[in-house]
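Naming: A, B, ... by sequence-line order, numbering from 1 per chain.
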Protein chains: 2
Amino acid sequence: MSRCGADLALLLLGSYRSMVNAATSELASRGYEDFKPIHEFALRAIVAGADSASDLGRRTSVSKQAAAKTIAVLVERGYVVSAPDPNDARRKRLQVTGAGLEVMSLGESILENLREKWKEQIGSTELATLEAHLTELVGDAAIRIDAPGWVAQDSA
Amino acid sequence: MSRCGADLALLLLGSYRSMVNAATSELASRGYEDFKPIHEFALRAIVAGADSASDLGRRTSVSKQAAAKTIAVLVERGYVVSAPDPNDARRKRLQVTGAGLEVMSLGESILENLREKWKEQIGSTELATLEAHLTELVGDAAIRIDAPGWVAQDSA
DNA sequence: TCTAACTAGACAACCATGTTGTCTATTATC
DNA sequence: GATAATAGACAACATGGTTGTCTAGTTAGA
């Protein structure tokens, strides 16, 4: 199908886009209008323990300033609250709100549905193989969510 | 390997990134410092027949103004020349220069090498199967290169 | 044929998301 | 206790996208 390296790259990108677009538009249609992948990933990172702006920046390979901006948006929209850390007056501890958890689980279930649909298309074993191969390709890079940047442009 | 939909999405994105990052850093090390994926795709589109700014915008699903900005960069760096169209005084015909073709073929060969390496890792048939499955997933979306936006953030 | 509609491209203003650099307050470390 | 490191705020800027508006040129139709 794919004849050259560039096509393969495009194919990978297209597949990602295809999933994420479907997810964001679905989320939008359910009332989460401006929720972009970057927000999802930031929430995930916060839940995973990135409880401060600097921390979030480190974990997502982005400057703390950029992280702070993202957090500001999430706070403004009520997905995250930020409160002074009693143990360290410099820090502000982040916490995902109920609304934040809700949108996360909704997003995840949408993506999960997409994966299921795909599984039906190509078969369960085939999907597993594909995932294994992709994992092999990305290697260590898989560990880090990394640069929200390349995930930011979207909206559907 | 991948347990949920979000992981699969991330895996796809990671795979793309992994290829493109390697390519851009390789290009950078060979002297093409500021060459980003967006430029590559724009050149490809121009070669494929998008010979004006408006045209390029349409083909890459971007406003003509955005396309014009990208073109301005490519022209400035000598990858593209823009000359008045003798048949239509409104238009400026775009043409990829020798340098442009050179960087394109270099980029392509780098990506091709990456694909080869991957082929050795997982096997030729497996790679073909994987590509076929991905093609199935993206469906029609595969046709359009689409939004340079999600391809823009990079640099390596 | 002449007018109306469309098209190309230029320009400006703006938005989003990232970057660096600088500053203050606080905490850690020697 | 002096020095270094860290958190976060703020400002300036780069990039890459958007709309909106304008002019010049083309095309189509009454």
Side-chain angles (χ1 to χ4, degrees), chain A residues 17 24 33-42 45-46 49-77 80-94 145-156, chain B residues 17 24 33-42 45-46 49-77 80-94 145-156:
Chain A
R17 274 282 289 190
T24 38
E33 310 261 318
D34 271 336
F35 204 81
K36 298 193 229 157
I38 184 183
H39 301 131
E40 173 89 24
F41 292 119
I46 294 170
D51 69 340
S52 74
S54 298
D55 226 18
L56 180 61
R58 275 190 293 270
R59 296 213 195 193
T60 56
S61 307
V62 129
S63 65
K64 62 181 179 179
Q65 291 86 340
K69 289 187 193 180
T70 304
I71 290 169
V73 172
L74 291 173
V75 167
E76 187 200 310
R77 300 195 186 159
V80 163
V81 286
S82 133
D85 184 332
N87 301 329
D88 187 338
R90 289 170 305 178
R91 314 185 85 214
K92 287 192 178 177
R93 287 219 336 244
L94 302 175
I145 290 183
D146 216 0
W150 23 293
V151 115
Q153 324 289 339
D154 242 296
S155 71
Chain B
R17 274 282 289 191
T24 38
E33 309 261 318
D34 270 337
F35 204 79
K36 297 193 227 158
I38 185 184
H39 302 131
E40 173 89 24
F41 291 119
I46 294 170
D51 68 340
S52 74
S54 298
D55 227 18
L56 179 60
R58 276 190 293 271
R59 298 214 194 190
T60 56
S61 307
V62 129
S63 66
K64 63 180 178 180
Q65 291 85 342
K69 288 189 194 180
T70 304
I71 290 168
V73 172
L74 291 173
V75 168
E76 186 201 310
R77 300 196 187 157
V80 164
V81 286
S82 132
D85 185 332
N87 301 327
D88 186 339
R90 290 170 306 177
R91 315 185 84 214
K92 287 192 176 175
R93 291 222 330 248
L94 302 174
I145 290 184
D146 214 0
W150 24 292
V151 117
Q153 324 289 337
D154 242 296
S155 72

- Task: For residues A/T24 and A/E40, determine if any side-chain heavy atom of one lies less than 4.5 Å from a side-chain heavy atom of the other.
- Result: no

- pair B/S52-B/K64: side-chain heavy atoms closer than 4.5 Å: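 Answer no - side chains too far apart.
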
Is any side-chain nitrogen or oxygen of [X] closer than 4.0 Å to OP1 or OP2 of [N]?
X: A/K92; N: D/dA9; answer: yes
X: A/S54; N: D/dA5; answer: no
X: A/R58; N: D/dA7; answer: yes
X: B/T70; N: D/dG16; answer: no
X: A/K36; N: C/dA16; answer: no

Among [options], which is the nearest nucleotide to the side chain of [X]?
X: A/K64; options: D/dA7, C/dT19, C/dA8; value: D/dA7
X: A/A66; options: C/dG18, D/dA7, C/dT27; value: C/dG18
X: A/S63; options: C/dT17, D/dG17, C/dT19; value: C/dT19

Please report, rounded to the nearest Å, how far the [atom2] atom of [N] is from the [atom1] atom of [X].
X: A/E76; N: C/dC15; atom1: CD; atom2: P; value: 14 Å
X: B/L94; N: C/dA8; atom1: CG; atom2: P; value: 12 Å
X: B/R91; N: C/dT7; atom1: CZ; atom2: P; value: 12 Å
X: B/R77; N: D/dT15; atom1: CZ; atom2: C1'; value: 11 Å
X: B/D85; N: D/dG25; atom1: CG; atom2: P; value: 13 Å
X: A/L56; N: D/dT6; atom1: CG; atom2: P; value: 17 Å
X: B/E33; N: D/dA14; atom1: CD; atom2: P; value: 19 Å
X: A/H39; N: C/dA16; atom1: NE2; atom2: C1'; value: 10 Å

- Message: Please determine whether any donor N or O and acceptor N or O are separated by less than 3.5 Å between the side chain of B/Q65 and the base of D/dG16.
- Response: no

- Query: Does the D/dT26 base have a donor-acceptor partner in the side chain of B/R90 within less than 3.5 Å?
  - Reply: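 Such a pair does not exist between side chain and base.
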
- Query: Toward the 5' end of DNA chain C, which comes first, A/A67 or B/A68, by nearest nucleotide?
  - Reply: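 Closest to the 5' end, via its nearest nucleotide, is B/A68.
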
- For B/A53 and A/A89, take the nucleotide of DNA chain C holding the closest heavy atom to each; which residue's nucleotide lies nearer the 5' end? B/A53

- Message: Take a 6.0 Å sphere around CZ of A/R93 and say whether it holds more than 12 heavy atoms from other residues, nucleotides or ligands.
- Response: no

- Task: Specify the residue among A/R93 and A/K69 whose closest nucleotide of DNA chain D lies further upstream toward the 5′ end.
- Result: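 It is A/R93 whose nearest nucleotide is closer to the 5' end.
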
